[in-house]
Amino acid sequence: MPELPEVETIKGDLQKKIKGKKIKNVVINIEKILKKPSLKEFVSKVKNRIIQEINRRGKYIIINLDSGEKLIIHLGMTGLLIYPIDQKSMANIIPKHNHLIITFTDDNQLVFNDVRRFGKVYLVCDINEVEGVAKLGIEPLDENFTKEIFIRMIRKKKNKIKSLLIKQEFITGLGNIYANEVLHRSNIHPLRVASSFTDEEIGKLFQGIKSVLSEAVEFRGSTVADEAYRDTDGEKGKFAERLQVYARGGKNCFKCGSTIEVIKIEGRSTFFCPQCQKL
DNA sequence: AGGGGTACCTGCGGGC
DNA sequence: TGCCCGCAGGTACCCC
């Protein structure tokens, strides 16, 4: 589910809500989501710890504990972090998918709920102990991600641009929704080969990445139709109504009125306007 | 290198 | 109504 804007929203919420709290107890209902260490070690190392800064790297949430260890959570496709658990925040959430529950000393609870169980939880000293984190590419909203660097990155690649944008080792944080949206905003066809781009096209793509992602963060992510993503209060993201192509196959392009097409690239639905995004 | 397939899971909607 | 299929915001691992 969640791509950079959704994960960034959750990170910001947690930073406001749980920083400084002390963990009284932790329960894991489905052991499979815990990748390291063992359940026993995890519980004993997390109990009585105090939450410090909350960070984000790509689509991973990193919760620093006062022991120096880091609780790292990847939300997979359908993972949610809800805090605090109450009737309102859990209104649309099925409690049988509550896989990890952290209870703080004030008795408020943080829950990790994940219908499809693709989410993952780790407790490590160094974030690079998580293979998925160690190999992540550049952060697109970071100020050291510049147009000049992006030009150098794109030049040498022979991938289809859509494949490249969702490759986390290349740029981290874009997934299927935002890669589609970025390409539409930049007027670039998803099958274009990266090495064929002019500097001007790379510049447009660069602006598209920065602007789509920062607007989506501002609108607290996308909850498409009635699908899974919620913030920590159980509220929907508001960027979905601004999506131009994602999940709009067969509908009219808002810019030019042409019919939005759907193709598969590496097994994933790819939406584009054939008029605005020519090959 | 880059592309493609499969697997991991549950739930939903469409077609018959 | 039920059943089967394909689809879903992600990633890892396999093969070519």
Side-chain angles (χ1 to χ4, degrees), chain A residues 1-10 29-36 56-61 72-81 92-99 112-122 130-137 153-183 190-196 212-213 216-217 219-231 236-243 245-250 262-271:
Chain A
M1 83 168 185
E3 306 178 30
L4 186 150
E6 290 77 26
V7 179
E8 180 66 20
T9 300
I10 291 168
N29 295 317
I30 299 219
E31 217 174 316
K32 220 179 147 218
I33 63 156
L34 179 65
K35 297 304 170 185
K36 64 171 81 165
R56 177 188 62 74
R57 176 81 174 100
K59 302 175 190 172
Y60 291 81
I61 290 178
I72 299 185
I73 298 172
H74 191 289
L75 299 168
M77 291 276 257
T78 52
L80 305 171
L81 285 169
N92 297 297
I93 292 160
I94 307 168
K96 75 169 175 184
H97 301 303
N98 289 351
H99 304 324
F112 171 57
N113 178 290
D114 184 11
V115 171
R116 291 177 69 183
R117 303 184 193 173
F118 293 163
K120 296 172 181 144
V121 174
Y122 310 81
V130 178
E131 307 90 288
V133 174
K135 67 175 190 193
L136 291 177
M153 288 167 67
I154 289 281
R155 268 290 132 73
K156 44 188 175 185
K157 303 301 268 182
K158 293 197 185 112
N159 313 57
K160 297 169 184 130
I161 192 63
K162 161 82 178 337
S163 311
L164 205 49
L165 289 182
I166 61 173
K167 214 175 258 298
Q168 302 302 298
E169 304 93 306
F170 184 72
I171 304 184
T172 182
L174 287 169
N176 206 27
I177 292 182
Y178 297 107
N180 279 297
E181 293 299 313
V182 163
L183 289 169
L191 290 174
R192 285 281 309 281
V193 173
S195 57
S196 76
V212 166
L213 287 179
V217 170
F219 284 85
R220 303 182 60 78
S222 303
T223 302
V224 177
D226 204 26
E227 286 185 56
Y229 168 69
R230 304 285 152 147
D231 67 17
K236 296 178 181 183
K238 298 180 191 65
F239 195 73
E241 57 210 68
R242 300 184 165 269
L243 296 174
V245 285
Y246 180 76
R248 297 196 64 247
V262 191
I263 56 174
K264 291 274 184 196
I265 297 178
E266 292 178 9
R268 318 210 48 197
S269 292
T270 301
F271 305 88

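Chain letters run A, B, ... following the sequence lines, proteins first, then strands; residues in each count from 1.
Contact check, A:Lys32 against B:dT10: no side-chain N or O comes under 4.0 Å of OP1 or OP2. In this model, the phosphate group of B:dC9 is not approached by any side-chain N or O of A:His97 to a distance below 4.0 Å at OP1 or OP2. Contact annotation: A:Arg117 side-chain N/O to B:dT10 OP1/OP2 distance is under 4.0 Å. For C:dA8, the OP1/OP2 oxygens have no side-chain nitrogen or oxygen of A:Arg268 closer than 4.0 Å. Under 4.0 angstrom from either OP1 or OP2 of C:dT11 there lies at least one side-chain N or O belonging to A:His74. Under 4.0 angstrom from either OP1 or OP2 of C:dA8 there lies no side-chain N or O belonging to A:Thr78. For the pair A:Gln168 and C:dT11, the criterion of a side-chain N or O lying under 4.0 Å from OP1 or OP2 is met.
The main-chain N or O of A:Lys264 is never found under 3.5 Å from a side-chain atom of A:Ser269 such that the two would form a donor-acceptor pair. Side-chain N or O atoms of A:Gln168 include none that pairs as donor or acceptor with a backbone N or O of A:Gly58 at under 3.5 Å. Between the side chain of A:His74 and the backbone N or O of A:Val121 there is no donor-acceptor pair closer than 3.5 Å. Using a distance-only test at 3.5 Å, with no hydrogens or angles considered, a donor-acceptor pair links the side chain of A:Asn29 to the main chain of A:Asn98.
Of the two residues near DNA chain C, A:Gly132 and A:Gly221, the one whose nearest nucleotide lies more 5' is A:Gly221.
Distance noted for atom P between C:dT11 and B:dG11: 22 Å (whole Å). When the P atom is compared between C:dC5 and B:dT6, the two are found 15 Å apart, to the nearest whole Å. When the P atom is compared between C:dG6 and B:dG5, the two are found 14 Å apart, to the nearest whole Å.
Between A:Leu75 atom CG and C:dG10 atom P there is a gap of 11 Å when expressed in whole angstrom units. A:Met77 places its CE atom 13 Å from the C1' atom of C:dG6, with the value rounded to the nearest Å. Atom CD1 of A:Ile93 is separated from atom P of B:dT10 by 18 Å (rounded to the nearest Å). Residue A:Asn98 contributes atom CG, which lies 15 Å from atom P of B:dT10 at whole-angstrom precision.
The nucleotide whose nearest atom lies closest to any side-chain atom of A:Lys135 is, among C:dA8, C:dA12, C:dT11, C:dA12. Here the nucleotide nearest the side chain of A:Ser269, chosen from C:dA12, B:dG11, C:dA8, is C:dA8. Considering only side-chain atoms of A:Arg116, the nucleotide from C:dA12, C:dA8, B:dG11 that sits closest is C:dA8.
If you check every strand for non-hydrogen atoms under 4.0 Å, A:Tyr178 touches nothing. Within 4.0 Å (heavy atoms only), A:Lys35 reaches no atom of the nucleic acid at all.
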Report task. For nucleotides 1-7 of chain B, just jot down a letter per nucleotide in 5' to 3' order: B, S or -, based on protein non-hydrogen atoms under 4.0 Å. Result -> -SSS---
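The shortest side-chain heavy-atom distance between A:Arg117 and A:Ile30 falls under the 4.5 Å cut-off.
Heavy atoms from other residues, nucleotides or ligands lying under 6.0 Å from CZ of A:Arg242 number 12 at most.
Residue ring and base: A:Phe118 does not count as stacked with C:dT11 (centre distance below 5.5 Å and interplanar angle below 30° not both satisfied).
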Query raised in the report: Once Watson-Crick and G-U wobble pairs under 3.5 Å are found, how is DNA chain C written in dot-bracket notation, 5' to 3', with | for any base paired to another strand?
Result: .|||||||.|||||||
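Between A:Lys162 and A:Asn176, the side chains place a donor N or O and an acceptor N or O closer than 3.5 Å (distance only, hydrogens not considered). Donor-acceptor pairing under 3.5 Å is lacking for the side chains of A:Tyr246 and A:Ser222. Under the 3.5 Å distance criterion, with hydrogens and angles disregarded, no donor-acceptor pair is assigned to the side chains of A:Asp231 and A:Thr9.
Of the residues A:Glu266, A:Arg268, A:Lys157, the one that meets the side-chain hydrogen bond (donor to acceptor under 3.5 Å, both in side chains) test with A:Ser163 is A:Glu266.
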